[in-house]
Enquirer: 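Take this structure, written in structure tokens, and hold onto it; I'll ask about it next.
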Amino acid sequence: MGRTIPESDAAEIFVRLAEAMPGRTANAKGPKGQPDAFRSCISCMLSAQSLDRNTAKAARALFDLAQTPEDVLELDDRDIAAAIKPCGLYNVKTRNIRKFCQALLAEHGGLVPSTRKGLLGLPGIGRKCADIVMSFTFGTDVIAVDTHVHRVCNRIGLTDAKTADVTAQQLEARAPKWALRDGHFWLIQFGKKVCTARAPKCESCPVSDLCLWYAERSAQ
DNA sequence: ATCCCGAGGG
DNA sequence: CCCTCTGGAT
């Protein structure tokens, strides 16, 4: 791997981000407050190419109509699409949600599997959703990589990957285990507030002295 | 590599 | 107007 920072710097970055971006990865809760893997899966599918606020609106509308996979399958596609419309891509997402519920019932008795292999076998669940469910709902030490995490990690030099999947693999190998689960949250906050896609705010960045991109930019 | 689809920001 | 937003299927 060409362009990565030393392991010790990687650990230091997570220490600083935990300090600068206070908060933790939240557990998905069901209607009665218990962890709810089914809602976690559906919410994650809805979140594709969508703002958090719109995802939340769509999820609320859908869960208002249906709480279980059986409930969802009794709905008409048009009702599902109408409910989740705020989050965009609603036709594709409607089809995926239906397939997901069918497979969940047919292959897992309606119970969401807790392993990556089991989750990835379900239609509509890719690596990112699988990792979200594993870490958010089942408390597994994996780091979910979305567009923010992917961008930030490769810019800093925590990882050196072209795809989010490879970023996830490299992070699991390089990041301290204690930082994996909550690291998702810290890196997202960092990506939203400081290390933005365009015009990152390096002046107020807590890790710019360890950042490869900043060093390269400063050298020009 | 491209399509699905749409709100919102700069 | 172009880009972004916690993707996945074909």
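Every chain is numbered from 1 and lettered A, B, ... according to where its sequence line falls, protein lines coming before strand lines.
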Enquirer: Going by the salt bridge (Lys or Arg N to Asp or Glu O under 4.0 Å) test, which pairs reach into residues 117-126 of chain A, not counting sequence neighbours?
Expert: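 Salt bridge (Lys or Arg N to Asp or Glu O under 4.0 Å) check on residues 117-126 of chain A returns no pairs.
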Enquirer: Give me the distances for all protein-to-nucleotides 1-3 of chain B N/O pairs that come in under 3.5 Å?
Expert:
none

Enquirer: Heavy-atom count around A:Glu203 CD within 6.0 Å, excluding the residue itself: above 12?
Expert: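 Yes.
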Enquirer: Check side-chain contact (heavy atoms from CB on, under 4.5 Å) between A:Asp76 and all other residues, then give those that pass, not counting sequence neighbours.
Expert: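 For A:Asp76, the residues satisfying side-chain contact (heavy atoms from CB on, under 4.5 Å) (neighbours in sequence not counted) are A:Arg78, A:Asp79.
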Enquirer: Is a side-chain donor or acceptor of A:Ser40 paired with a backbone partner of A:Asp36 at a separation under 3.5 angstrom?
Expert: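 Side chain of A:Ser40 to backbone of A:Asp36: no pair is present.
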Enquirer: Can you tell me, in whole Å, how much space there is between the C1' of B:dC4 and that of C:dC1?
Expert: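 Roughly 22 Å separates the two C1' atoms.
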Enquirer: Produce a footprint string for nucleotides 4-10 of chain C: one letter per nucleotide, 5' end first; B if the base is under 4.0 Å from any protein heavy atom, S if only the sugar-phosphate is, - if neither.
Expert: -BBBSSS
Enquirer: How far, in whole Å, is B:dC5 from C:dC5 if one measures between their C1' atoms?
Expert: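 Taking atom C1' in both C:dC5 and B:dC5, they lie 12 Å apart.
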Enquirer: Between A:Arg53 and A:Asn91, which is nearer to the 5' end of DNA chain B once each is assigned its nearest nucleotide?
Expert: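 Counting from the 5' end, the first nearest nucleotide belongs to A:Asn91.
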Enquirer: Quick one: salt bridge (Lys or Arg N to Asp or Glu O under 4.0 Å) pairs with a partner in residues 209-218 of chain A, sequence neighbours left out?
Expert: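 Counting only pairs at least two positions apart or across chains, the salt bridge (Lys or Arg N to Asp or Glu O under 4.0 Å) contacts touching residues 209-218 of chain A are A:Arg3-A:Glu216, A:Arg16-A:Asp209.
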Enquirer: Give the rounded distance in Å between these two atoms: NZ of A:Lys85 and C1' of B:dC5.
Expert: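 It is 10 Å, rounded to the nearest whole Å.
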Enquirer: Can you tell me, in whole Å, how much space there is between the P of C:dG8 and that of B:dG8?
Expert: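 That atom pair is separated by 23 Å.
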Enquirer: Mind jotting down which residue pairs meet the salt bridge (Lys or Arg N to Asp or Glu O under 4.0 Å) criterion with at least one end in residues 118-145 of chain A? Sequence neighbours excluded, please.
Expert: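 Residue pairs passing salt bridge (Lys or Arg N to Asp or Glu O under 4.0 Å), neighbours aside: A:Arg116-A:Asp131, A:Arg127-A:Asp131, A:Arg127-A:Glu172, A:Asp141-A:Lys177.
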Enquirer: When the distance from NZ of A:Lys57 to C1' of B:dG6 is rounded to whole Å, what number comes out?
Expert: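 Between C1' of B:dG6 and NZ of A:Lys57: 12 Å.
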Enquirer: Give the rounded distance in Å between these two atoms: CG of A:Asn54 and C1' of B:dG9.
Expert: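 That distance rounds to 13 Å.
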Enquirer: If you measure only the distance, is there a donor-acceptor pair under 3.5 Å linking the side chains of A:Asp52 and A:Thr55?
Expert: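 No.
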Enquirer: For A:Arg95, which contact category applies under a 4.0 Å heavy-atom criterion: base, sugar-phosphate, or nothing?
Expert: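 No contact at all - A:Arg95 keeps every heavy atom at 4.0 Å or more from the nucleic acid.
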Enquirer: Work out how far the P atom of C:dT6 is from that of B:dG10, and round it to whole angstrom.
Expert: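 Per the computed distance, 14 Å lies between those P atoms.
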Enquirer: Once the angle between the rings of A:His184 and A:Phe136 is folded into 0 to 90°, is it parallel (under 30°), tilted (30 to 60°) or perpendicular (over 60°)?
Expert: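 Rings of A:His184 and A:Phe136: perpendicular, as their planes differ by over 60°.
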Enquirer: Can a donor-acceptor pair be found between the side chains of A:Asn154 and A:Thr159 at a distance below 3.5 Å?
Expert: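 Checked: A:Asn154/A:Thr159 side chains pair up, N/O donor to acceptor below 3.5 Å.
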